[in-house]
Amino acid sequence: MRIAFADHVFTATLYDSPPARDLWSMLPLDLEIDNYANNEKIAYLPRKLTEEGSGSFSNEAPGDLCYYAPWGNLAFFYAGYRYSAGLIRLGRLDGGVEPLLKRGKFPLRIERLS
């Protein structure tokens with residue numbers, strides 16, 4: 001999928017899982033992305049994703065694209081993090097995390113790549 005905010009355009013690859021397929025079915029999306037903590041940017045979805053087939057995971061790494069079910073938001077991690085209950089890994093950013101380092105709140109566009 002293609003992700004764009006501010007002057008950054010990058011892509012992410014979704015995993016083949018029910019929550020990732022649910023996100024894919026919602027595209028295109030116009031959201032708002034903002035900083036959260038010191039390791040991620042977040043964007044709230046218009047509705048919650050399915051949690052079917054989700055569970056704990058390991059090997060957390062910068063570049064992970066996750067969904068935080070309790071709040072209904074996407075989490076784009078640009079620094080280290082730890083799994084917590086309710087966090088569902090949806091996929092990975094393609095390339096580096098540099099676009100996520102731009103601080104601030106911006107309009108966000110997520111759309112399908114054909």
Side-chain angles (χ1 to χ4, degrees):
M1 61 185 193
R2 180 181 180 272
I3 304 164
F5 75 92
D7 55 349
H8 299 290
V9 177
F10 54 103
T11 61
T13 301
L14 293 176
Y15 297 141
D16 185 15
S17 68
R21 286 191 299 273
D22 195 14
L23 175 62
W24 182 258
S25 76
M26 295 172 68
L27 301 180
L29 288 168
D30 289 303
L31 308 170
E32 187 171 75
I33 194 167
D34 199 1
N35 305 306
Y36 184 78
N38 291 315
N39 64 341
E40 67 184 287
K41 291 187 100 48
I42 63 171
Y44 288 92
L45 293 170
R47 67 164 173 82
K48 293 199 171 205
L49 298 178
T50 182
E51 297 177 43
E52 178 186 342
S54 65
S56 64
F57 58 87
S58 58
N59 300 331
E60 304 92 331
D64 284 346
L65 170 58
C66 296
Y67 171 67
Y68 188 57
W71 293 355
N73 67 279
L74 295 176
F76 300 82
F77 288 98
Y78 58 82
Y81 73 100
R82 289 187 193 182
Y83 169 80
S84 64
L87 197 62
I88 300 168
R89 192 160 37 194
L90 300 174
R92 294 271 311 154
L93 301 179
D94 301 324
V97 297
E98 291 76 22
L100 300 176
L101 300 179
K102 181 160 184 126
R103 304 290 294 173
K105 185 183 290 190
F106 303 96
L108 171 71
R109 173 82 172 172
I110 305 174
E111 56 193 16
R112 294 179 182 189
L113 286 173
S114 47

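Residue Val9 comes nearest to Ala4 through the heavy atom pair CG2-CB, 4.0 Å, listed as atom of the first residue, atom of the second, then distance.
Applying the salt bridge (charged side-chain N to carboxylate O under 4.0 Å, His left out) test to every pair with at least one member in residues 57-66, sequence neighbours left out, gives these pairs: Asp64-Arg89, Asp64-Arg92.
You'll find the side chain of Pro107 stays beyond 4.5 Å of the side chain of Asp30, heavy atoms only. Counting heavy atoms from C-beta outward, Phe10 and Leu100 have side chains that approach closer than 4.5 Å. In this structure, Asp22 and Arg47 have side chains that are in contact, with non-hydrogen atoms separated by less than 4.5 Å. In this structure, Leu14 and Leu65 have side chains that are in contact, with non-hydrogen atoms separated by less than 4.5 Å. Leu87 places a side-chain heavy atom less than 4.5 Å from the side chain of Tyr81.
No chain of hydrophobic side-chain contacts below 4.5 Å, direct or via other Ile, Leu, Val, Met, Phe, Trp or Tyr residues, connects Phe57 to Tyr67. Connection of Tyr68 to Leu49 is not established within any shared hydrophobic cluster, with ILVMFWY side chains joined at heavy-atom distances below 4.5 Å, either directly or through further cluster members.
No more than 12 heavy-atom neighbours from other residues, nucleotides or ligands sit within 6.0 angstrom of OH on Tyr36.
In this structure, the separation between CZ on Arg109 and CE on Met1 is 12.5 Å, given to the nearest 0.5 Å. Taken from CG in Leu29 to CD1 in Ile110, the straight-line distance is 5.5 Å, to the nearest 0.5 Å.
Remark: the backbone N or O of Leu74 is not paired with any side-chain donor or acceptor of Lys41 at under 3.5 angstrom.
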